[in-house]
Every structure is written in C-alpha cells, then in structure tokens.
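To keep things clear, I will list the structure first and then write my remarks on it.
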Amino acid sequence: LKESRRILDSNQPTPAIPFQHGLSAIASFPIDVWVKLTNRNYYYLQRNNFGYGEPAGYSPLRHAVANYLNAFRAVKCNPEQVIITNGAQHAFDLIGRVCLAPKTDVLMEDPGYVSARQAFQSFGATIIPVRVDANGFDLDSALSESRNARLAYVTPSHQFPLGVTMSLSRRLQLLEWAKRANAWIVEDDYDSEFRYEGRPLPSLQGIDQDGRVFYIGTFSKTIFAALRLGCLVVPPDLIDIFAAVRALNGLHSPLIAQATLAAFIDEGHFTRHIRRMRKLYRERQEILVSECEKLLAGKIDVKLSESGMHLIGWLNEGVDDRDMSERAASVGIKAASLSSFSFNEVSRGGLILGYTSTNEKQIKQGVKKLAQIFVSNKT
Ligand SMILES: Cc1ncc(COP(=O)(O)O)c(C=O)c1O
C-alpha cells in the first residue's frame with residue numbers, strides 16, 4: 001500500500017471537473033479500508049478455490065443488501081429477490097430483456113434520465129414522455145398519451161434532474177395503474193441516501209402490495225462509479241427468469257468486488273461513510289449556493305435543496321441553456337443543460353450543477369469561471 005501511494009504521489013493528481021453531476025467525493029472515500037478488505041478477499045478466494053459464482057450475485061452480498069434496503073429504504077424483500085448488477089445501467093438492460101418488445105410503450109419522466117431512456121429504446125420501445133410537476137410524475141397526462149403502456153420509469157425519491165419528490169397520492173395512483181394495466185414500474189432510487197433534512201423517504205417498492213415494482217439501487221453514488229455494482233430487486237415470481245437472464249448477460253458481477261462490498265456493508269463501514277458524506281455534501285451544497293448568490297445574482301437562480309447530489313441553476317427566461325453549457329465547457333466546467341435531458345422544449349433553461357465531487361476551493365473557482373461566461377454573454 002505504501003509503495004502504491006509513493007508512486008501515485010509522485011504524479012500530479014487529475015483535478016476534478018467542477019460541477020460534473022452524479023459523482024461521489026472519491027477523495028473522501030476510506031480507500032485503505034477498501035484495499036484491506038479486498039486483500040483479505042483475495043486470500044479467501046485462493047483458500048476456497050473459487051471459480052464461477054452465482055449469476056444472481058454472491059450470497060453474502062445479497063443478504064447484506066437485502067438487510068440494508070429493509071432497514072434504510074423500507075424495501076420489502078428477501079435476499080433471493082436481490083439480483084446484483086453492474087450498476088443501475090445494467091438493471092435497465094435486464095428489465096428491457098425481460099419486459100420489452102419492439103413498439104412497447106414506456107412512460108418516462110420528462111425531463112429525465114437519458115441513459116435509462118436509451119436502454120429501453122435499444123429494445124425498440126416507444127418512449128412516451130411524461131410531464132413532471134411539483135408532485136412528480138403526472139400519470140394523468142401520461143394516460144392521455146398512451147393507454148397501453150407496459151412500463152413506467154420513475155425516480156420518486158428525488159426526481160432526476162428536477163429534484164422533486166413524488167407525493168404519496170401520486171405513488172398510490174401509479175401503483176393502482178400498474179395493477180390495473182398489468183404493467184411494471186421501474187423505481188430508480190439512485191441518490192436517496194443523500195437527504196439532508198429529516199429521514200430518507202421510504203421507497204415506492206415498500207408500499208407496493210401487488211409485486212409490480214422493480215427497485216433499482218446503485219453503489220455508484222454511495223461508494224464510487226468505477227466500482228460498477230448495483231442491485232435490482234424483483235418481485236418473487238420473477239426471480240428465476242431474472243437470474244437466467246443475468247446468467248446469459250455476462251454471467252455475474254466480479255466476485256472479489258462483490259465480496260469486498262459485502263464485508264464493507266456488514267462491518268458497518270457503508271453506513272458510516274454515508275453519514276460522513278451526507279455532512280460533507282450538505283456543506284458543499286451550502287458553499288455552492290452562497291457563492292452563486294455572491295457572484296451570479298440575477299444570472300443564475302440556485303436554491304438550497306433538502307436532498308440530492310446536484311442543484312439546478314435556473315437561467316433567465318430566453319437564455320439558451322445548451323449554449324451556456326457549451327460556454328461553460330470552454331472554460332473547463334461541466335454543467336449539463338436541462339434541455340439535454342428533455343424530450344420537449346423546456347419552458348425555462350437551467351444548468352445542472354453537481355457539487356459532491358467538487359471541493360470548497362474548486363467550487364469557489366468554478367463559480368468565478370461561470371461568472372465570466374455570463375459577462376461575455378451579457379444576459
Ligand atoms: C438517474 C440516475 N440513475 C442511475 C444512475 C447510476 O447509474 P449507474 O449505477 O449505472 O452508475 C445515475 C447516475 O448518474 C442517475 O443519474
């Protein structure tokens with residue numbers, strides 16, 4: 001470990017790109033703990049002569065994930081329902097393989113997560129964009145567009161990218177629709193651990209009485225994206241088909257990484273790390289908002305949020321967010337435009353400002369750079 005550090009320290013670190021969204025604070029991850037657990041698992045593997053593993057996932061990890069989801073996300077599941085995937089993206093693909101055929105209508109939040117949309121489109125699905133208002137996914141408007149949808153994709157805890165929470169009445173309405181229409185709901189619970197006020201909101205899956213919800217969790221936000229591990233909780237009657245499809249699709253996720261994650265969760269490091277990151281991310285969010293208020297007042301409207309890993313910097317009416325995003329890129333800032341996540345024209349443009357992987361100094365420098373692009377834009 002010392003030797004690896006020495007080699008790394010002699011190289012210049014790669015600076016984080018200010019405001020890239022969805023990345024964890026990797027510099028604050030307890031990497032020494034992770035490396036120790038990984039080493040331990042290599043010796044364990046050698047002693048036990050490991051070969052291939054179970055397609056649905058390494059059993060201790062499925063147990064650890066089920067316990068965690070029950071306790072912290074109010075997900076109702078047993079370990080057999082947990083399929084270990086290579087991140088949320090992989091879960092979208094598995095669901096597509098099982099549930100979609102060409103021309104199947106899929107209801108999707110608009111604006112929404114483009115990579116999920118593309119995964120479903122790759123199976124020939126027809127995407128029906130659905131309006132998102134202050135209560136989240138608006139099912140009534142969706143049903144006026146499609147009467148025979150088989151799948152609805154939602155981010156109920158923290159809508160991506162707008163950040164609203166789906167109300168209880170909308171959740172119940174969506175579950176009722178899925179039951180009636182014999183359809184499926186994909187609950188993408190990508191960043192719900194980062195709630196700064198009150199307790200994290202319970203999952204939609206936890207109030208589903210009819211086995212219509214696929215719950216997706218990812219370790220990209222709570223640990224780091226390069227790990228490529230996530231989970232998919234399926235209804236009990238679909239365990240076998242998903243395990244079979246998982247086997248055909250890459251066989252299983254790397255065993256050492258799964259075993260390391262299981263130990264990381266079981267030995268308490270995971271919840272401790274989340275607690276520390278919650279505090280850090282909240283501080284970073286506050287710094288971002290106060291810097292924007294100082295240097296970008298009247299140009300970008302950013303409000304504190306009680307959850308998530310990014311904020312939307314709303315632009316003035318008539319300002320083209322794609323153009324501003326390109327200008328930001330030209331000064332080394334990655335601030336995606338709201339339009340790039342939208343099917344329909346947005347009524348007001350915005351920049352998506354991630355703050356979790358950007359430290360205090362970088363946030364301050366980043367806001368200064370953003371201010372420069374507004375001076376040259378004169379809007
Ligand atoms: C809405 C949403 N879902 C899921 C993910 C995570 O994807 P993955 O687990 O494939 O890294 C992200 C990451 O940016 C996201 O924004």
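Order of listing sets the numbers, starting from 1, for every ligand and every atom in it.
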Flag if over 12 foreign heavy atoms under 6.0 Å of NZ, Lys368: no
Atom CG of Asp133: over 12 foreign heavy atoms under 6.0 Å: yes
Under 4.0 Å from any heavy atom of [X], which atoms of ligand 1 are there?
X      : result
Phe160 : 1 (C), 16 (O)
Gln89  : 10 (O)
Gly87  : 9 (O), 10 (O)

For atom 4 (C) of ligand 1, the protein heavy atom that lies nearest, with its residue and separation: Asp188 OD2, 3.4 Å
For atom 7 (O) of ligand 1, the protein heavy atom that lies nearest, with its residue and separation: Ala88 CB, 3.7 Å
Check: Thr155 N/O within less than 3.5 Å of ligand 1 N/O: no
From the candidates His310, His21, Arg228, Lys221, the one that places a heavy atom nearest atom 14 (O) of ligand 1: Lys221
Nearest-option assignment for atom 15 (C) of ligand 1, heavy atoms, candidates Tyr113, Phe219, Phe92: Tyr113
Residues His63 and Asp266: side-chain donor-acceptor under 3.5 angstrom: no
Qualifying residue, where the test is side-chain hydrogen bond (donor to acceptor under 3.5 Å, both in side chains) with Tyr355 and the options are Gln285, Arg284, Gln362: Gln285
Side-chain donor or acceptor of Glu109 paired with backbone N/O of Gly136 under 3.5 Å: no
Centroid-centroid under 6.0 Å between Phe137 and Tyr153 rings: no
Between Phe214 and Phe242, ring centroids under 6.0 Å: yes
Any Gly22 heavy atom less than 4.0 Å to ligand 1: no
Residue part near ligand 1, for Ser220, under 4.0 Å between non-hydrogen atoms: side chain
